[in-house]
Amino acid sequence: MNDPNFWKDQYHHTWQRASARETAIIERIKRETGRTVILCGLGAGSDQYLSGTAASYGYEKGSADLHVLGTNIYLEVTGPQSKAVPLTAPLWIRPDKLNNARIHNHEHETWIIHWLERDGTLRVIHLNGEFFEELEKGMFKTATPMIRGAREMYIEIPANSRFVKPWSTLIARLRELD
């Protein structure tokens, strides 16, 4: 895909809801841990249309949305914006998000926060070395659904995977850093 705006054009209508989710996560972490979280990824917390590549704005493709200040923890907020997706459905993660986390795995921790629209369930995946070893072994499938007339690609993490943890796992990790 040569058009750097193709996926932006496909998903621009969802950014306001995504931004609201990021804000809710920031507020919830502050409330539950006292920690300050800032927006850090390209377009995080905004529905402003930014034409072009991440690099043209000084960002890396697939970088996380949020950073927990005073820690080396970065957070990627994702999840379907459809109430039809059940709790038992696999979690789909974009390959560029995983690739960015893998590149920076020795510098900082990256956690996926998966928000299930159906009931607001929050689950987390710590993208650590163990996770990437399993990914490299081919333990996770690639999903290529057709969405809004375009073929997409995700890495599919089964909902019952040992890597999918409850929200409280991330909160415990942040509290242990005190």
Side-chain angles (χ1 to χ4, degrees), residues 7-8 11-12 14-50 52-81 87 91-117 119-136 140 154-155 157 159 161-178:
W7 294 113
K8 293 175 187 183
Y11 281 95
H12 184 250
T14 69
W15 293 352
Q16 187 171 18
R17 186 179 295 164
S19 176
R21 286 178 170 190
E22 292 159 355
T23 300
I25 294 296
I26 289 170
E27 292 169 359
R28 186 163 177 180
I29 289 173
K30 178 73 171 174
R31 188 173 61 251
E32 294 183 25
T33 69
R35 293 199 170 271
T36 299
V37 179
I38 62 168
L39 299 162
C40 65
L42 176 65
S46 172
D47 64 356
Q48 179 183 358
Y49 191 94
L50 301 172
T53 65
S56 68
Y57 293 93
Y59 289 87
E60 292 180 9
K61 183 177 182 176
S63 56
D65 300 314
L66 308 173
H67 175 224
V68 182
L69 288 182
T71 76
N72 70 342
I73 296 177
Y74 289 78
L75 310 170
E76 173 62 29
V77 181
T78 191
Q81 291 188 2
L87 187 63
L91 288 67
W92 288 351
I93 312 298
R94 286 185 7 215
D96 63 308
K97 296 294 184 176
L98 296 176
N99 189 50
N100 186 284
R102 181 184 318 180
I103 290 168
H104 295 287
N105 192 39
H106 298 292
E107 301 161 29
H108 62 251
E109 294 179 33
T110 303
W111 292 69
I112 297 289
I113 299 173
H114 187 271
W115 183 308
L116 191 64
E117 189 71 22
D119 62 3
T121 296
L122 296 175
R123 296 173 284 183
V124 299
I125 301 173
H126 184 192
L127 300 179
N128 57 16
E130 188 179 350
F131 175 88
F132 289 117
E133 286 175 19
E134 296 295 308
L135 180 64
E136 289 170 18
F140 306 115
Y154 298 95
I155 303 303
I157 314 300
S161 167
R162 64 188 173 94
F163 294 104
V164 178
K165 305 286 185 184
W167 168 256
S168 60
T169 305
L170 173 61
I171 296 304
R173 174 69 179 123
L174 294 173
R175 287 182 179 153
E176 77 183 20
L177 297 173
D178 289 336

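Hydrogens, waters and symmetry mates play no part in the numbers below; they use all other heavy atoms, side chains included.
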* Taking Lys97 for its side chain and Ser63 for its backbone only, find out whether a donor-acceptor pair lies under 3.5 Å. => yes
* Asked: Between atom CD1 of Ile112 and atom CD1 of Ile157, what is the distance when rounded to the nearest 0.5 Å?
  -> 8.5 Å
* Structure fact -> Correct closest heavy-atom pair for Thr71 and Val68 would be OG1-O, 2.6 Å
* Calculate, to the nearest 0.5 Å, the distance between atoms CD and CG belonging to Glu109 and Asn128 respectively. => 8.5 Å
* **Inter-residue atom distance Ile125.CD1 - Ser161.OG, 0.5 Å rounding** => 7.0 Å
* What closest approach, in Å, do Leu116 and Pro80 show between heavy atoms, and which atom pair accounts for it? -> CD1-CG, 4.1 Å
* Is the closest side-chain heavy-atom distance between Leu39 and Thr23 below 4.5 Å? -> no
* Asked: Are Tyr154 and Phe140 near enough that their ring centres are under 6.0 Å apart?
  -> no
* Taking atom CZ of Arg21 and atom CG of Leu122, what is their separation to the nearest 0.5 Å? -> 9.0 Å
* To do: Assess whether side chain to side chain contact (heavy atoms under 4.5 Å, CB included) is satisfied between Lys30 and Thr36, documenting all intermediate values.
  => CA-CA 6 Å; Lys30 178 73 171 174; Thr36 299; 3.6 Å; yes
* To do: Would you please name every residue forming a side chain to side chain donor-acceptor pair (under 3.5 Å) with Arg31, sequence neighbours left out?
  => none
* How far apart are the C-alpha atoms of Ile29 and Leu174, what are their side-chain angles, what is the distance that settles it, and do they pass the side chain to side chain contact (heavy atoms under 4.5 Å, CB included) test? -> CA-CA 9 Å; Ile29 289 173; Leu174 294 173; 3.8 Å; yes
* To do: Spell out, as yes or no, whether a donor-acceptor pair under 3.5 Å connects the side chain of Asp65 to the backbone of Val77.
  => yes
* Test Arg173 against Trp111 for side chain to side chain contact (heavy atoms under 4.5 Å, CB included), laying out the working first. => CA-CA 11 Å; Arg173 174 69 179 123; Trp111 292 69; 3.8 Å; yes
* To do: Looking only at non-hydrogen atoms, find the nearest pair between Arg102 and Phe132 and report the distance.
  => N-CZ, 3.4 Å
* Asked: In a check of ring pair (Phe, Tyr, Trp, His ring centres under 6.0 Å) between Tyr74 and each of His67, His126, His104, which one passes?
  -> His67
* Under the side chain to side chain donor-acceptor pair (under 3.5 Å) test, residues paired with Arg94 that sit two or more places apart -> Asp96
Between side-chain atoms of residues 163-171 and protein atoms elsewhere (two or more places apart, or another chain), which donor-acceptor pairs fall under 3.5 Å?
{"residue": "Lys165", "atom": "NZ", "partner": "Arg162", "partner atom": "O", "Å": "3.1"}
{"residue": "Trp167", "atom": "NE1", "partner": "Glu32", "partner atom": "OE1", "Å": "3.0"}
{"residue": "Thr169", "atom": "OG1", "partner": "Pro166", "partner atom": "O", "Å": "3.2"}

* Sequence neighbours left out, what passes salt bridge (charged side-chain N to carboxylate O under 4.0 Å, His left out) with Arg35? Give chain and number order. => Asp178
* From CA spacing to verdict: side chain to side chain contact (heavy atoms under 4.5 Å, CB included), Leu87, Arg123 -> CA-CA 10 Å; Leu87 187 63; Arg123 296 173 284 183; 3.8 Å; yes
* Structure fact -> Those residues at least two apart in sequence (or on a different chain) that pass side chain to side chain donor-acceptor pair (under 3.5 Å) with Thr121 are Asp119
* Structure fact -> What one should report as the nearest heavy-atom pair of Ala64 and Cys40 is O-SG, 3.6 Å
* Asked: Quick one: CG on Leu127 to OG1 on Thr110, what's the gap to the nearest 0.5 Å?
  -> 6.0 Å
* Structure fact -> By side chain to side chain donor-acceptor pair (under 3.5 Å), Glu136 pairs with (sequence neighbours left out) none
* Structure fact -> When rounded to the nearest 0.5 Å, the distance separating CD of Glu133 from CZ of Phe131 is 12.0 Å
